[in-house]
2 protein chains.
Amino acid sequence: MPRPAKRATSADVARAAGVSRATVSYVLNNRPDQSIPDTTRRRVLEAAESLEYRPHGNARSLVSGRSDIVLLSVPDLPIGTGISRFVEEFAAALAEHGLTLVTHLAAARGRPLPDVCATVGATAVTGFAPFDADTARALRAAGAEVVLPSPTDVPDIMLPIGSIQAEHLIGRGHQRLGYALPAHPRFQQMAAERLRGVEQACVETGLQPPVTATVSLDVGVAADAVTNWIGQGVTGICAFNDETAVAVLAGAQSRAVRVPEELAVIGVDDILVAPLTNPPLTTVRFDLHAVARRRAELVVAGLTGHDAPAATESEISAGLVERSST
Amino acid sequence: MPRPAKRATSADVARAAGVSRATVSYVLNNRPDQSIPDTTRRRVLEAAESLEYRPHGNARSLVSGRSDIVLLSVPDLPIGTGISRFVEEFAAALAEHGLTLVTHLAAARGRPLPDVCATVGATAVTGFAPFDADTARALRAAGAEVVLPSPTDVPDIMLPIGSIQAEHLIGRGHQRLGYALPAHPRFQQMAAERLRGVEQACVETGLQPPVTATVSLDVGVAADAVTNWIGQGVTGICAFNDETAVAVLAGAQSRAVRVPEELAVIGVDDILVAPLTNPPLTTVRFDLHAVARRRAELVVAGLTGHDAPAATESEISAGLVERSST
DNA sequence: GTGAAAGCGCTAACAC
DNA sequence: GTGTTAGCGCTTTCAC
């Protein structure tokens with residue numbers, strides 16, 4: 001069978017079916033307000049099928065003035081976290097609503113976000129942290145109808161991770177906590193957020209604030225931190241993430257500090273190797289799948305003008321994964 | 001200053017500058033074949049600036065018949081690998097050529113790839129494994145000008161990982177190797193590929209083929225595998241990836257098998273915790289950055305019709321990261 | 001050097 | 001019920 005070199009257009013289908021382009025459009029979009037006889041409908045459908053016709057998204061969004069593209073601004077963090085998982089889940093969730101995800105690395109290289117927003121014609125733009133007022137305005141001017149999260153939104157991906165960690169440790173009887181900060185500069189903001197949660201939990205329980213230390217992914221550095229913690233009577237460590245927690249574990253081991261008897265450690269993320277450390281790492285895992293779905297819902301809600309269904313508490317919360325390191 | 005509610009169009013700029021839309025187009029696209037007086041040029045530029053004008057990518061590609069969108073089909077693998085890193089690097093590399101990356105999860109959920117290709121109007125489609133003839137044809141019919149890798153291409157992301165691992169071990173005097181396969185079904189194909197590299201290296205050196213075992217991320221399972229390997233005189237293990245390698249390490253430790261004296265282990269990926277294991281994990285790291293750039297070059301070359309510059313050997317190769325587990 | 005006009009593929013009023 | 005027409009924002013001959 002002869003293959004059309006170029007992709008088929010709506011006009012090709014119309015010609016093949018012996019109808020007008022309007023009719024093709026009606027049939028293919030299932031317009032309820034148009035009643036098309038079954039025979040015509042079938043002819044159109046068959047023609048479209050045999051020509052392998054697919055509507056041209058660009059042209060369509062040009063006329064509707066609204067694309068189905070959602071832009072995600074990804075912070076240029078060192079990898080190993082759940083971010084990529086989030087991205088994939090988010091893309092899948094959006095796809096179910098007929099939306100297409102485009103990610104943009106918010107690194108120095110590459111064009112500014114509003115430019116990208118305009119060139120891809122994004123209808124919605126979202127990121128991990130709220131956009132500042134200027135950026136948000138520029139994004140709107142670039143054509144974005146929905147910009148999330150806004151500064152007033154409780155960023156729904158910022159779960160009370162720190163509190164969960166601290167409460168777990170406190171519930172186990174620990175009276176003096178330490179916090180292991182990551183060394184990478186890009187993580188500082190997120191780390192501060194989580195540390196705040198730990199501090200809050202300490203205050204509420206009448207404990208002193210946690211003793212912080214920056215722990216790079218180096219056994220020596222971690223070992224020194226451990227020694228210092230022990231010296232200050234700290235018995236439980238909340239680590240920024242699992243990698244940092246593994247470093248603390250390694251540091252403790254190198255100083256012959258027993259975990260969890262002398263020092264309990266809790267991480268965040270439940271990375272694949274978490275059950276394989278010695279002892280197996282206790283950690284906080286948040287359900288990226290649910291968070292991503294939730295975010296997709298918010299985007300869709302913003303686009304349709306409807307309110308987003310209230311988030312089910314359990315849907316977006318983080319869960320403790322207890323193993324033997326605490 | 002009054003903000004335009006809607007995004008500015010080329011016509012708005014023309015009006016503000018007191019010129020025609022054509023002139024705006026010439027100025028903004030720096031058309032060399034048109035000589036525009038500096039005063040006019042400046043007026044246009046200023047108008048565009050003050051209106052925050054950004055060209056509308058959709059409309060542009062509608063007329064040029066070619067979008068700047070590259071579609072990446074991502075296999076639905078369990079995360080923790082370098083895939084996400086590749087995606088991010090790839091997106092950045094494409095962005096430098098003015099191309100936009102859209103990723104699509106090749107999972108069951110979601111529409112078939114050719115559909116997605118057509119709706120986003122992708123000019124190029126690429127993936128990790130070659131597309132079969134039918135899919136490739138459908139993609140072309142959907143408007144893709146470039147489809148990579150083709151079955152005849154040597155998939156440039158499939159580096160000779162297995163060989164590198166095996167050669168390292170053999171170079172250290174190991175005479176009998178083991179291979180630790182991952183448990184996850186989605187990894188089987190990639191694992192088979194790497195295993196093949198190990199087998200090949202063994203054949204070339206006159207060794208017996210490696211003793212394979214499937215090692216899930218469970219200490220018990222790994223421990224049994226270790227015992228079995230030791231029983232068969234195996235002294236060096238190539239693991240499918242670092243997570244699997246960490247499992248082997250844990251298994252060895254639980255059976256009091258000393259690493260690397262009794263059993264050497266080498267992984268792949270250089271995950272963040274690799275230097276933190278006990279002993280620190282030797283691994284093979286491939287430069288995702290280079291691989292991604294290379295892939296972007298291939299796409300651009302295909303689009304422009306030029307030949308891609310030959311890959312510098314060192315550019316796309318994988319590198320050994322020696323640590324004390326071998 | 002600059003403007004007028006056509007047209008990319010599609011949808012939406014409005015005729016017939 | 002279906003076809004005709006206009007136009008989304010942009011680029012691009014082709015006159016002027």
Practice item. Name the nucleic acid region contacted by Thr40(A), choosing base, sugar-phosphate or nothing; use a 4.0 angstrom heavy-atom cut-off, strictly under. Key: sugar-phosphate
Residue pair Thr126(A), Arg295(A): steps toward the side-chain hydrogen bond (donor to acceptor under 3.5 Å, both in side chains) verdict: CA-CA 9 Å; Thr126(A) 183; Arg295(A) 187 61 145 263; 2.9 Å; yes
Arg15(B) CZ to dG3(C) C1', in whole Å, measures 15 Å
Check your understanding: Can you tell me if the side-chain N/O atoms of Thr9(A) get under 4.0 Å from OP1 or OP2 in dC8(C)?
Key -> no
Between CZ of Arg66(A) and C1' of dG9(D) the distance, given in whole Å, is 18 Å
Between CG of Asn58(A) and C1' of dT11(C) the distance, given in whole Å, is 15 Å
Exercise. Classify the angle between the aromatic ring planes of Phe90(B) and Phe86(B) as parallel (below 30°), tilted (30 to 60°) or perpendicular (above 60°).
Key: parallel
To the nearest angstrom, the CZ-P distance between Arg7(A) and dG9(C) comes to 9 Å
Please step through side-chain hydrogen bond (donor to acceptor under 3.5 Å, both in side chains) for the pair Asn30(A) and Arg41(A), ending with a clear verdict. CA-CA 10 Å; Asn30(A) 270 318; Arg41(A) 164 179 305 269; 3.3 Å; yes
**Request:** Output yes when Arg293(B) and Glu96(B) qualify as a salt bridge under the 4.0 Å nitrogen-oxygen rule, no when they do not.
**Result:** yes
(Q) Please classify the nucleic acid contact of Gly18(A) as base, sugar-phosphate, or nothing, using heavy-atom distances under 4.0 Å. (A) sugar-phosphate
When Val19(A) and Ala59(A) are each assigned the nearest nucleotide of DNA chain D, the 5'-most assignment goes to Val19(A)
Here the distance between atom C1' of dA6(D) and atom CG of Leu62(A), to the nearest Å, is 13 Å
Against the side chain of Pro37(A), the closest entry in dG1(C), dT2(D), dC10(C) is dT2(D)
Separation of dG9(D) atom C1' from His56(A) atom NE2, nearest Å, is 14 Å
Arg43(B) CZ to dT2(C) C1', in whole Å, measures 11 Å
Exercise. When the P atoms of dT5(D) and dA6(C) are considered, how many whole Å apart are they?
Worked result: 14 Å
Of all heavy-atom pairs linking Leu45(A) and Leu28(A), the shortest is CD1-CD1, 3.7 Å
Here the residues of residues 20-33 of chain A within 4.0 Å heavy-atom distance, strictly under, of DNA chain C are Arg21(A), Ala22(A), Ser25(A), Tyr26(A), Asn29(A), Arg31(A)
From CD1 of Ile36(A) across to P of dT2(D) the rounded distance in Å is 6 Å
Could you check if a side-chain atom of Thr23(B) sits within less than 4.5 angstrom of a side-chain atom of Ile36(B), using non-hydrogen atoms only? yes
Regarding the side chain of Ser35(B), the nearest nucleotide among dC8(D), dG1(C), dT2(D) is dG1(C)
| message | If you apply the rule side-chain hydrogen bond (donor to acceptor under 3.5 Å, both in side chains), what do you find for Ser61(A) with Arg66(A), and how did you get there? | response | CA-CA 5 Å; Ser61(A) 60; Arg66(A) 153 181 292 199; over 6 Å; no
